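Please read the structure below before turning to the comments.
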Amino acid sequence: MQFELIKNFVKDKGLPLYRIGQIREAVFVKGISSWQKATALPAALREDLEKNIKILSFTVEVLQASKKDPVFKALLKLEDGRKIETVLMKPGKTWSVCVSSQVGCPLGCAFCATGKMGFARNLTAEEISDQVLFWYQFLLEQKLGERISNVVFMGMGEPLLNYEEVAMAIKDLSNPDYLGIGQRHISVSTSGVADKFFNLAQDLPQVNLALSLHNADDSERSKLMPINKKFNLETIKEKLEEYLARTGREVFIEYTVIEGENNLPMHVRKLGKWINSIKDNYLLHVNLIACNPAVGKAVATEDSSVKKFASALQGMNINVSIRRSMGADISAACGQLASKNRRKK
Ligand code: SAH
Ligand code: SF4
């Protein structure tokens with residue numbers, strides 16, 4: 001729900017303006033999931049709100065909890081019947097939400113389940129920020145804690161192909177009248193839609209940028225991620241340098257290690273060389289993650305193989321971390337739940 005809706009509703013109905021604050025508090029502080037729970041409001045107003053304003057722009061179709069990790073995943077049904085997924089996880093001490101930015105994705109990366117679904121439409125800013133509001137309600141109802149510390153755009157879709165709505169959602173989420181999640185705690189992950197890096201640097205310089213690289217050889221990367229034909233490694237480098245110079249922010253290079261495909265000695269060399277050729281590359285940080293075999297012939301990558309890749313990169317003076325994949329038992333990687341549900345039909 002967008003905060004503007006409350007303001008307009010109160011003004012249109014000629015209600016006293018202090019109702020704006022009360023409704024805001026019920027939704028964004030108390031995290032009510034139905035208007036009936038807004039007990040600070042008179043019953044007639046609650047009914048009026050019930051008839052006119054939906055707190056969330058979707059319903060929950062499936063909610064799954066991982067048995068191994070503090071990870072929850074929801075399949076959401078939007079008003080037009082289309083489905084998206086969102087994940088709540090606790091990788092350390094605090095909760096993070098992973099949001100979708102599109103229904104499906106037009107970019108068709110070889111390893112990605114969302115890519116295999118094709119593209120239906122962009123999400124609205126409201127549909128994006130509501131995913132976070134939904135998990136906020138969930139945390140409070142389940143008494144799992146009260147705060148969502150981070151939001152990452154790593155669910156379904158390519159956020160930089162839906163730039164306007166994503167930027168609006170980020171502004172809403174970070175608004176102190178809304179959930180007040182600082183922009184430094186919001187990360188946008190992109191497959192390399194490089195012509196939008198500058199917009200991000202200009203409009204949202206505090207937001208973290210993560211680049212899904214996965215291969216530093218142009219012809220191999222184009223096979224893995226067809227977007228590379230439009231924005232190749234040279235273009236990405238150029239736009240990245242501009243971004244780094246303007247923001248001075250750390251950028252994360254995401255690299256999913258796919259056994260035998262992008263972890264050979266030549267891949268380490270090419271990745272190291274590409275990173276070392278970038279101006280201000282001390283701001284770059286490589287995150288390695290073992291491949292989650294969602295689609296195709298990819299096999300799960302052994303931890304030892306990821307460690308070997310990491311130390312080879314360190315040998316080239318590159319900042320590198322290994323990230324743990326969480327919630328594999330509920331297919332918490334990109335696009336997997338939604339595509340499984342589609343297949344069942
Ligand atoms: N479209 C954006 C954001 C969504 S994908 C992007 O591509 O960055 C979020 C992350 O999940 C990306 O880093 C993507 O490369 C990764 N991903 C997709 N499928 C995966 C899989 N099967 N195993 C591991 N990571 C995967
Ligand atoms: Fe789209 Fe990202 Fe999946 Fe590629 S990895 S198909 S860009 S969601």
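The structure presented is a predicted model; accordingly, all values stated were derived computationally and were not measured. Counting starts at 1 for both ligands and their atoms, following the listed order. For this chain, numbers begin at 1 and follow the sequence in order.
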Ligand-residue contact atoms, ligand 1 with S212, heavy atoms, under 4.0 Å: 6 (C), 7 (O), 8 (O), 12 (C), 13 (O), 15 (O)
Under 2.8 Å: N/O/S of C105 next to atom 1 (Fe) of ligand 2: yes
Would F28 and Y136 count as a close aromatic pair, with their ring centres under 6.0 Å? no
For G157, atoms of ligand 1 separated by under 4.0 Å from a heavy atom: 1 (N), 2 (C), 3 (C), 4 (C)
Using heavy atoms and a threshold below 4.0 Å, how should the contact between M156 and ligand 1 be classified: side chain, backbone, both, or neither? neither
K37 with E141: basic N within carboxylate O range, under 4.0 Å: yes
Heavy atoms only: which of G192, S189, G155 is nearest to atom 4 (C) of ligand 1? G155
Tell me which one of E50, K51, E47 satisfies side chain to side chain contact (heavy atoms under 4.5 Å, CB included) with W35. E50
Note: ligand 2 atoms sitting under 4.0 Å from heavy atoms of C109 are 4 (Fe), 5 (S), 6 (S), 7 (S)
Can you tell whether the side chains of K307 and E302 come within less than 4.0 Å, N to carboxylate O? no
Could you pull out the closest heavy-atom pair between G260 and N263, with the gap in Å? N-OD1, 2.9 Å
Aromatic ring proximity, centroids under 6.0 angstrom, F309 and H267: no
Selection residues 214-233 - residue pairs positive for salt bridge (Lys or Arg N to Asp or Glu O under 4.0 Å), sequence neighbours left out: D217-K270
Does the ring center of F138 lie less than 6.0 Å from the ring center of F72? yes
Within ligand 2, which atoms have a heavy atom of G115 less than 4.0 Å away? 6 (S)
Between atom 3 (Fe) of ligand 2 and C112, is there an N, O or S atom separated by less than 2.8 Å? yes
Pick, from S189, G157, G108, S191, the option with the minimum heavy-atom distance to atom 8 (S) of ligand 2. G157
Need the ligand 1 atom indices (1-based, order shown) with element for anything under 4.0 Å from a heavy-atom of F153. 3 (C)
For H214, the ligand 1 atoms with a heavy-atom partner under 4.0 Å come out as 13 (O), 14 (C), 15 (O)
T190 heavy atoms, cut-off 4.0 Å: which ligand 1 atoms fall inside? 6 (C), 8 (O)
Short list, please: which atoms of ligand 1 are under 4.0 Å from a heavy atom of T256? 24 (C), 25 (N)
Just distances here: any N/O of A113 and N/O of ligand 1 closer than 3.5 Å? no
Sequence neighbours left out, what passes side chain to side chain contact (heavy atoms under 4.5 Å, CB included) with A210? Give chain and number order. M154, S189, F252, E254
